[in-house]
Novice: 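Just passing along the structure, written as structure tokens.
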Amino acid sequence: MDLIARLRAGLPGEAILTDPDVTGSYANDMASFCEAGTPAVVVLPRTVEQVQHIMRTATELRVPVVPQGARTGLSGAANASDGCIVLSLVKMDRIIEINPVDRIAVVEPGVINAVLSRAVNEHGLYYPPDPSSWEQCSIGGNIGTASGGLCCVKYGVTAEYVLGLDVVLADGRLLTCGRRTAKGVAGYDLTRLFVGSEGSLGIVVRAVLALKPEPPQQLALAAEFPSTAAACEAVCEIMARGHAPSLLELMDRTSIRAVNDMAQMGLPDSTEALLLAAFDTPEPAADLAAVGALCTAAGATEVVPAETAAESDLLLQARRLTLTALERVKSATMIDDVCVPRSRLAEMLDGTAAIAEKYDLTIGVCAHAGDGNTHPTVCFDAADPDESRRARESFDDIMALGLQLGGTITGEHGVGVLKKEWLARELGPVGVELQRGIKEVFDPLGILNPGKLF
């Protein structure tokens, strides 16, 4: 019996896609410079039992399986390999439970982040992880890549909210790990091991997520600086003085000008860096005043605090438009994701500007400044081979700079195909050996998302 026939034995017909024109549309995520193969079939299960059938079939026939969520990733982690089963989890999109007493939500992996966030808000609760693609990205994908977002500076990343998981293993067995309780330290923490594993250890089919009480509406301020060094000094002072902003974002000159060109935001051409801070505390105006004074002392030429939520949204609009604006600069963009210690943030931004000059490229940087996570965005003409080469080389230089400054090659986008060479450099030979050993325990045949991570 061939692959398709075996799959049909345990899946409804509409869950199996074989038309090459259709399956080809599932071949890749949103990353640049990442090869993608041709899948043999795309399957869209709706139940745990169907996922188990898919994995048993794949194991029996030794067919690779590439798990996918919404394919909004930026590292090629969801890219198909030749002859694989693409296992799309978008149809498993139920919110199974929201429990205000235990402050948990139980969800399937295809639930969209924004849908979950709005659902828990109706119960006076809050799910903090908020990737910029939150209107499209799925919880399963967020777990697979250990996603972050704008609020990480105060609330942390996805890994801190995953309490328990149901995972279908490579051979089709169902593993339940973690807990529903507020505390629990029984055995090795397998739950954390799956978070950020990019589908290489198992297929997440259910997640128990921690929730928080919904905070007050945040207020924001915008501070304009004559240099990135001055803006980064303000960031260091804000954190050193013990402030807890719900958002602390930075845009460099290139990003500011791209947004100005697209949306006529009215920011002065002399602005070299824009710092955006927000607080969701009981007295946000007082916090903004204190932070505004620190910005002024660091050299800000203008500090504009919001008085209402609507004004805050207007101030934050520039940051939200950054990627869209940079995508208009050239035909293609390559978004890096390098995280450095906050104390080295200025060196990271200045070093990236030097790399842009070295390769004669436009590279805009926006950053989750409060946690040192920078997103240099290389703009280039994909039809120009020389410019494409320079873009890729500049991307590598940016990652090398991040490691040199004591940082990491990815703060929230994952490794996938794009950065697997750099993962080996960051981990070192002992680290790689141990990680490969873990992979072999969970996936001895090597059929789960092959070619990713390392």
Novice: For atom CZ of Arg56, is the number of surrounding heavy atoms from other residues, nucleotides or ligands below 6.0 Å larger than 12?
Specialist: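 More than 12 within 6.0 Å, yes.
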Novice: With salt bridge (Lys or Arg N to Asp or Glu O under 4.0 Å) as the rule and sequence neighbours excluded, what pairs involving residues 428-442 come up?
Specialist: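 Residue pairs passing salt bridge (Lys or Arg N to Asp or Glu O under 4.0 Å), neighbours aside: Lys439-Asp443.
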Novice: When you measure from the side chain of Asn449 to the backbone of Ala77, do you find a donor-acceptor pair of N or O atoms at a distance under 3.5 Å?
Specialist: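 Answer holds: yes.
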Novice: For the residue pair Ser394 and Leu361, what are the closest heavy atoms and their distance?
Specialist: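 Smallest heavy-atom distance, with atoms named: OG-CD1, 3.7 Å.
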Novice: Can you find a pair of side-chain heavy atoms, one from Leu169 and one from Leu174, that are under 4.5 Å apart?
Specialist: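 A side-chain contact is absent here, since even the closest heavy-atom pair is not under 4.5 Å.
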Novice: Nearest 0.5 Å, what's the CG-CG distance between Leu11 and Leu44?
Specialist: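 So the gap between those two atoms works out to 9.5 Å.
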Novice: I'd like to check Leu209 versus Leu163 (side-chain heavy atoms, cut-off strictly below 4.5 Å). Are they in contact?
Specialist: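 Heavy-atom side-chain distance check fails, nothing below 4.5 Å.
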Novice: Is a salt bridge present between Glu122 and Arg118, judged by a nitrogen-to-oxygen distance below 4.0 Å?
Specialist: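 Looking at Glu122 and Arg118, the cut-off is not met.
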Novice: State which residue, out of Val338, Val365, Thr228, fulfils the side-chain contact (heavy atoms from CB on, under 4.5 Å) condition with Thr352.
Specialist: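 The option that passes is Val365.
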Novice: Between atom CG of Leu323 and atom OG of Ser133, what is the distance when rounded to the nearest 0.5 Å?
Specialist: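 Reported to 0.5 Å precision, the distance equals 10.0 Å.
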Novice: Considering non-hydrogen atoms only, spot the tightest contact between Val111 and Val107 and give its length.
Specialist: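 So the minimum-distance heavy-atom pair works out to CG2-CB, 4.0 Å.
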Novice: Would you say that Asn79 contacts Asp29 through its side chain, given a criterion of any heavy-atom pair below 4.5 Å between the two side chains?
Specialist: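 The answer is yes; the side chains approach within 4.5 Å.
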Novice: Return yes if a side-chain donor-acceptor contact under 3.5 Å exists between Thr59 and Asp171, otherwise no.
Specialist: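 No donor-acceptor contact under 3.5 Å links the two side chains.
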Novice: Assess whether side chain to side chain contact (heavy atoms under 4.5 Å, CB included) is satisfied between Ile438 and Leu193, documenting all intermediate values.
Specialist: CA-CA 9 Å; Ile438 292 168; Leu193 191 58; 3.9 Å; yes
Novice: Restricting to side chain to side chain contact (heavy atoms under 4.5 Å, CB included), what partner residues turn up for Asp82, sequence neighbours left out?
Specialist: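 Asp82 satisfies side chain to side chain contact (heavy atoms under 4.5 Å, CB included) with Thr38 only.
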Novice: Are any of the side-chain heavy atoms of Ile363 and Cys379 separated by less than 4.5 Å?
Specialist: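 No - every pair of side-chain heavy atoms lies 4.5 Å or more apart.
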Novice: Are any of the side-chain nitrogens in Asp396 or Arg392 under 4.0 Å away from the carboxylate oxygens of its partner?
Specialist: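 Salt bridge: yes.
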Novice: Report the C-alpha separation of Arg390 and Asp386 in whole Å, then their side-chain angles, then the decisive distance to 0.1 Å, and conclude whether the salt bridge (Lys or Arg N to Asp or Glu O under 4.0 Å) test is met.
Specialist: CA-CA 6 Å; Arg390 285 184 279 126; Asp386 181 66; 2.9 Å; yes
Novice: Which pairs with one or both residues in residues 88-106 pass salt bridge (Lys or Arg N to Asp or Glu O under 4.0 Å), sequence neighbours excluded?
Specialist: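 Of all non-adjacent pairs touching residues 88-106, those that pass salt bridge (Lys or Arg N to Asp or Glu O under 4.0 Å) are Arg94-Glu108, Glu97-Arg180.
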Novice: Under 3.5 Å, is there a donor-acceptor pair between the side chain of Thr377 and the main chain of Ile335?
Specialist: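 No: the side chain of Thr377 does not pair with the backbone of Ile335.
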Novice: Per the ring pair (Phe, Tyr, Trp, His ring centres under 6.0 Å) rule, what does the pair list look like for residues 417-439, sequence neighbours excluded?
Specialist: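 Output for this query is empty, none listed.
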Novice: Can you tell me how far apart CG (Leu314) and CG (Leu316) are? Round to the nearest 0.5 Å.
Specialist: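 Going from the CG atom of Leu314 to the CG atom of Leu316 covers 9.0 Å.
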Novice: Side-chain contact, heavy-atom cut-off 4.5 Å: Glu426 with Leu403?
Specialist: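 Counting from C-beta outward, Glu426 and Leu403 do come under 4.5 Å.
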Novice: Determine whether Ile95 and Val115 make a side-chain contact, defined as any pair of heavy atoms from C-beta on separated by less than 4.5 Å.
Specialist: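 When only atoms from C-beta onward are counted, Val115 and Ile95 do touch, with a gap below 4.5 Å.
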Novice: Taking the side chain as C-beta and beyond, is there a heavy-atom pair between Asn142 and Ile139 under 4.5 Å?
Specialist: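 A side-chain contact exists here, since the closest heavy-atom pair is under 4.5 Å.
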Novice: With Val51 as reference, evaluate Pro109, Pro67, Pro45 under the side-chain contact (heavy atoms from CB on, under 4.5 Å) test and give the passing residue.
Specialist: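 By the side-chain contact (heavy atoms from CB on, under 4.5 Å) criterion, Val51 pairs with just one of Pro109, Pro67, Pro45: Pro45.
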Novice: About how many Å separate CG of Leu448 and SG of Cys84, when rounded to the nearest 0.5 Å?
Specialist: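 Rounded to the nearest 0.5 Å, the SG-CG separation comes to 11.5 Å.
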Novice: Quick one: ring pair (Phe, Tyr, Trp, His ring centres under 6.0 Å) pairs with a partner in residues 82-128, sequence neighbours left out?
Specialist: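 Checked against ring pair (Phe, Tyr, Trp, His ring centres under 6.0 Å) - neighbours excluded - the pairs reaching residues 82-128 are Tyr126-Tyr155.
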Novice: Which pairs, with at least one residue in residues 26-62 and sequence neighbours excluded, count as a ring pair (Phe, Tyr, Trp, His ring centres under 6.0 Å)?
Specialist: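 Of all non-adjacent pairs touching residues 26-62, those that pass ring pair (Phe, Tyr, Trp, His ring centres under 6.0 Å) are Phe33-Phe380.
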Novice: Is the backbone N or O of Gly431 less than 3.5 Å from a side-chain atom of Gln435, with the two atoms forming a donor-acceptor pair by type?
Specialist: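 Looks like no, no N/O pair under 3.5 Å.
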Novice: Does a sphere of radius 6.0 Å around CE in Met30 hold more than 12 heavy atoms from other residues, nucleotides or ligands, not counting ones at 6.0 Å or beyond?
Specialist: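 12 or below, so no.
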Novice: For Arg320, is the CZ atom crowded, meaning more than 12 foreign heavy atoms sit under 6.0 Å from it?
Specialist: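 Enclosed: over 12 neighbouring heavy atoms sit under 6.0 Å from CZ of Arg320.
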Novice: Kindly state each residue pair satisfying salt bridge (Lys or Arg N to Asp or Glu O under 4.0 Å) with at least one member in residues 444-454, sequence neighbours excluded.
Specialist: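 Matches after skipping sequence neighbours: none remain.
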Novice: With no hydrogens and no angle check, is any side-chain donor or acceptor of Ser331 less than 3.5 Å from a backbone partner on Ala382?
Specialist: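 Indeed, once roles are kept as given, a pair shorter than 3.5 Å links the two residues.
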Novice: Given side chains that start at C-beta, do those of Asp397 and Tyr359 come closer than 4.5 Å, heavy atoms only?
Specialist: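 Yes; the side chains approach each other to less than 4.5 Å.
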Novice: Kindly say whether His413 contributes a backbone atom to a donor-acceptor pair with the side chain of Thr410 at under 3.5 angstrom?
Specialist: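 Yes; judged by distance alone, with no hydrogens or angles, the pair exists.
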Novice: Can you measure from CD (Glu249) to CZ (Arg319) and round to the nearest 0.5 angstrom?
Specialist: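 Answer rounded to 0.5 Å: 4.5 Å.
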Novice: Residues two or more places apart in sequence or in another chain: which of them pass ring-ring contact (aromatic ring centres under 6.0 Å, His included) with Phe442?
Specialist: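 Per chain and number, Phe442 pairs via ring-ring contact (aromatic ring centres under 6.0 Å, His included) with Phe194.
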Novice: Do you know the tightest heavy-atom contact between Ala36 and Asn28?
Specialist: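 For Ala36 and Asn28, the tightest heavy-atom pair comes out as CB-CB, 4.0 Å.
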Novice: Taking atom CD of Glu35 as the centre, does the number of heavy atoms from other residues, nucleotides or ligands within less than 6.0 Å exceed 12?
Specialist: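 Open: at most 12 neighbouring heavy atoms sit under 6.0 Å from CD of Glu35.
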Novice: Has Asn113 got a side-chain atom pairing as donor or acceptor with Pro129's backbone, closer than 3.5 angstrom?
Specialist: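 Yes: the side chain of Asn113 pairs with the backbone of Pro129.
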Novice: Return all side-chain donor-acceptor pairs below 3.5 angstrom for residues 146-154, not counting sequence neighbours, or 'none' if the list is empty.
Specialist:
from   : atom 1 : to     : atom 2 : distance (Å)
Ser147 : OG     : Thr145 : OG1    : 3.0
Lys154 : NZ     : Asp280 : OD1    : 2.5

Novice: Under 3.5 Å, is there a donor-acceptor pair between the Gln68 and Ser88 side chains?
Specialist: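 No donor-acceptor contact under 3.5 Å links the two side chains.
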Novice: Could you go through the side chain to side chain contact (heavy atoms under 4.5 Å, CB included) check for Gln136 and Ile112 one step at a time?
Specialist: CA-CA 6 Å; Gln136 294 86 35; Ile112 299 301; 5.8 Å; no
Novice: Does any N or O in the side chain of Thr408 come within less than 3.5 Å of the main-chain N or O of Gly411, such that one atom is a donor and the other an acceptor?
Specialist: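 No; zero donor-acceptor contacts below 3.5 Å.
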Novice: CD1 of Ile409 to CG of Asp336: how many Å apart, nearest 0.5 Å?
Specialist: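 Going from the CD1 atom of Ile409 to the CG atom of Asp336 covers 9.0 Å.
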Novice: Pairs in or reaching into residues 184-208: which pass side chain to side chain donor-acceptor pair (under 3.5 Å), with residues at least two apart or in two chains?
Specialist: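 Qualifying pairs: none.
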Novice: Taking atom types as modelled, find out whether Asp337 and Asn373 have a side-chain donor-acceptor pair closer than 3.5 angstrom.
Specialist: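 The criterion, which ignores hydrogens and geometry beyond distance, is satisfied for Asn373 and Asp337.
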Novice: Suppose we screen for side chain to side chain contact (heavy atoms under 4.5 Å, CB included). Which residues come up paired with Val41, at least two apart in sequence or across chains?
Specialist: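 Testing Val41 for side chain to side chain contact (heavy atoms under 4.5 Å, CB included), a comparison that skips the adjacent residues, returns Leu3, Ile4, Leu7, Ile16, Thr18, Val43, Ile85.
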Novice: For Gly184, does its backbone N or O pair with a side-chain atom of Thr181 as donor and acceptor, under 3.5 Å?
Specialist: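 No; zero donor-acceptor contacts below 3.5 Å.
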Novice: Output, in order, the C-alpha distance, side-chain angles, deciding distance and verdict of side chain to side chain contact (heavy atoms under 4.5 Å, CB included) for Val259 and Met251.
Specialist: CA-CA 10 Å; Val259 170; Met251 297 168 58; 3.9 Å; yes
Novice: ring-ring contact (aromatic ring centres under 6.0 Å, His included) with His368: which residues, sequence neighbours excluded?
Specialist: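 So His368 forms a ring-ring contact (aromatic ring centres under 6.0 Å, His included) with His375.
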